[in-house]
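Remarks on the structure that follows.
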2 protein chains.
Amino acid sequence: MQPDPALLRTNACAASQMLKALSHPDRLMLLCQLADGKERSVSELETLTALYQPSLSQQLGVLRREGLIAPRREGKQMFYRVADTRALAILHTLYQQFCAETETTP
Amino acid sequence: MQPDPALLRTNACAASQMLKALSHPDRLMLLCQLADGKERSVSELETLTALYQPSLSQQLGVLRREGLIAPRREGKQMFYRVADTRALAILHTLYQQFCAETETTP
DNA sequence: AATACATTATCAAATAATATATATTATTTG
DNA sequence: CAAATAATATATATTATTTGATAATGTATT
C-alpha cells in the first residue's frame, strides 16, 4: 500500500500530528459542530458543547494553530469554520463510524 | 449533524480514545502496514518500519490493548492483523488524504 | 466608562514518550 | 534432556508533553 519507507514515515508524521489535534474529546466535539463546513460563533459553540469558556478558547487556539480551523471577526464576535479539507474528510469518516449507528431514531 | 449533546460527548470520547492510539507516528506506520487487512509477523513489521524491537513491541501492545489489532501465535512468531473495522475505515481515509497525492509515480 | 465577548498566562497533576534492561515462550542443537 | 538461540513481551527509569483549573488581560461595541 506504501512502498517507500522514508515517504511512509514522512506521511505518518504529518497524519499523526493532525490526529493528535483531533484526539481530544473537547476539540473533537467542537469540530463536529463545524463538520458541515459552515461557520459558528464562539458563543454558539459554547452553547452547543457546554464547555467552560476559557477551555473552549484554549482548544480553539490549538485547532487554529494547527490550521484546522480559521477565524473571522465580526464586531465583538469570532466565527470559526473548518479550514482543512483533510480534517473534514476524517471528520466525516469518524461520524460514519462512531455516530451513524447510535443516532437517536424515534 | 448531531443533536443530543450527551450522546455527542459520549461518541467524542470513544472516537478520541481511538484517535489517540492512532496519533503516534510509529503506531500509524505499523497500522499502515496492516491496512490491507492481511496479517504480518512482528519481524516483518520490524523490517518494514525499521523500528527498534522493544519500541515496536511496546507500540503493538498499545494497539492490542485498545483492541485495534489482534495477535495470533504460530510457533515462535506472532502475527498481527487489524481487528477493528472502524480503525480500518479511518486508515483508508488517512491514506487517501495523506498518501494518495504523494505517491511515487515514475 | 461599562459591558460582553474572547484570549493569554500560570502552574500543578496526570499522561505519554524514549531508551535500556530483563523476562517469557518456543524451537533448535549438542 | 539441558543449554543455547530466536522471537516477542514486559518492566523500569527518565524526560517531555498534555491536561485542567483559575486568574488576569485584551478587544470591540454601546
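Heavy atoms only: backbone and side chains are in, while hydrogens, waters and symmetry mates are out. Proteins come first, then strands; the chains are lettered A, B, ... in the order of their sequence lines, and each starts at number 1.
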Checklist line | Any strand: nucleotide that pairs with dA13(C) via Watson-Crick or wobble, under 3.5 Å | finding: dT18(D)
Item checked: Base-pairing mate for dG30(C) - Watson-Crick or G-U, with both contacts under 3.5 Å -> dC1(D)
Next item on the list: Answer yes or no: does a side-chain N or O of S55(B) lie under 4.0 Å from OP1 or OP2 of dA17(C)?
Entry: no
Check: dT19(D) P sits how many Å from L63(A) CG, rounded?
Finding: 11 Å
Next item on the list: Just compare dA6(C), dG20(D), dT8(D) and give me whichever is closest to any side-chain atom of V42(A).
Entry: dA6(C)
Next item on the list: Identify which nucleotide among dA6(C), dA9(D), dA6(D) has an atom closest to any side-chain atom of L60(B), counting heavy atoms from C-beta outward.
Entry: dA9(D)
Check: Any side-chain donor paired with an acceptor under 3.5 Å for Q33(A) and R40(A)?
Finding: no
Next item on the list: Measure from CG on L56(B) to P on dA19(C) and round the result to the nearest Å.
Entry: 14 Å
Note to self: Are the side chains of V62(A) and R65(A) in contact, using a 4.5 Å heavy-atom criterion?
What the structure shows: yes
Next item on the list: Would you mind reading off the distance between H24(A) atom NE2 and dT15(C) atom C1', rounded to a whole angstrom?
Entry: 12 Å
Note to self: At 4.0 Å (heavy atoms only), tell me whether F79(B) reaches a base, stays on the sugar-phosphate, or touches nothing.
What the structure shows: nothing
Next item on the list: For Q59(B) and dT8(D), give me the distance from atom CD to atom C1', rounded to whole Å.
Entry: 15 Å
Notebook entry, point to check: Nearest to the side chain of Q58(B) - dT19(D), dA19(C), dT22(D)?
Noted result: dA19(C)
Checklist line | Distance, rounded to the nearest Å, where L28(A) contributes CG and dT19(D) contributes P | finding: 13 Å
Next item on the list: Using only side-chain N and O atoms of Y80(A), determine if any of them is under 4.0 Å from OP1 or OP2 of dA6(C).
Entry: no
Note to self: Nearest to the D26(B) side chain among dA9(D), dA4(C), dT18(C), which nucleotide is it?
What the structure shows: dT18(C)
Next item on the list: Give a yes/no on whether any side-chain N or O of S57(B) is located under 4.0 angstrom from OP1 or OP2 of dT8(D).
Entry: no
Next item on the list: Please report, rounded to the nearest Å, how far the P atom of dT7(C) is from the CG atom of L51(A).
Entry: 14 Å
Notebook entry, point to check: Heavy-atom distance under 4.5 Å between the side chains of R81(B) and L34(B), does that happen here?
Noted result: no
Item checked: Whole-Å distance separating the CZ atom of R40(A) from the C1' atom of dC5(C) -> 19 Å
Margin query: If you assign each of S41(A) and E74(B) to its closest nucleotide in DNA chain C, which residue comes earlier from the 5' end?
Written below: S41(A)
Next item on the list: Taking the side chain as every heavy atom from C-beta outward, state whether R72(B) and Y80(B) have any pair of such atoms under 4.5 Å apart.
Entry: no
Note to self: What's the closest nucleotide to the side chain of K76(B) if the choices are dA6(D), dT8(D), dA17(C)?
What the structure shows: dA6(D)
Margin query: Looking only at the side chain of S43(A) (C-beta and beyond, no hydrogens), which of the listed nucleotides dA9(D), dA6(D), dA6(C) gets closest?
Written below: dA6(C)
Item checked: R72(B) vs dT8(D): side-chain N/O to OP1/OP2 distance below 4.0 Å -> no
Next item on the list: Flag the pair D26(A) / L56(A) as yes when at least one side-chain heavy-atom distance between them is below 4.5 Å, and no otherwise.
Entry: no
Margin query: Please compare Y52(A) and P71(B) by the position of their nearest nucleotide in DNA chain D and report the one closer to 5'.
Written below: P71(B)
Next item on the list: Can you check whether any acceptor in the base of dA9(D) is under 3.5 Å from a donor in the side chain of Q53(B), or vice versa?
Entry: yes
Checklist line | Nucleotide dA6(D), atom C1' - distance to CD of E46(B) in whole Å | finding: 12 Å
Margin query: Can you see if the side chain of R73(A) gets near the phosphate of dC5(C) - specifically, an N or O under 4.0 Å from OP1 or OP2?
Written below: no
Notebook entry, point to check: Is R64(B) near enough to dT10(D) that one of its side-chain N or O atoms lies under 4.0 angstrom from OP1 or OP2?
Noted result: yes
Notebook entry, point to check: Is any side-chain heavy atom of S16(B) closer than 4.5 Å to a side-chain heavy atom of H24(A)?
Noted result: no
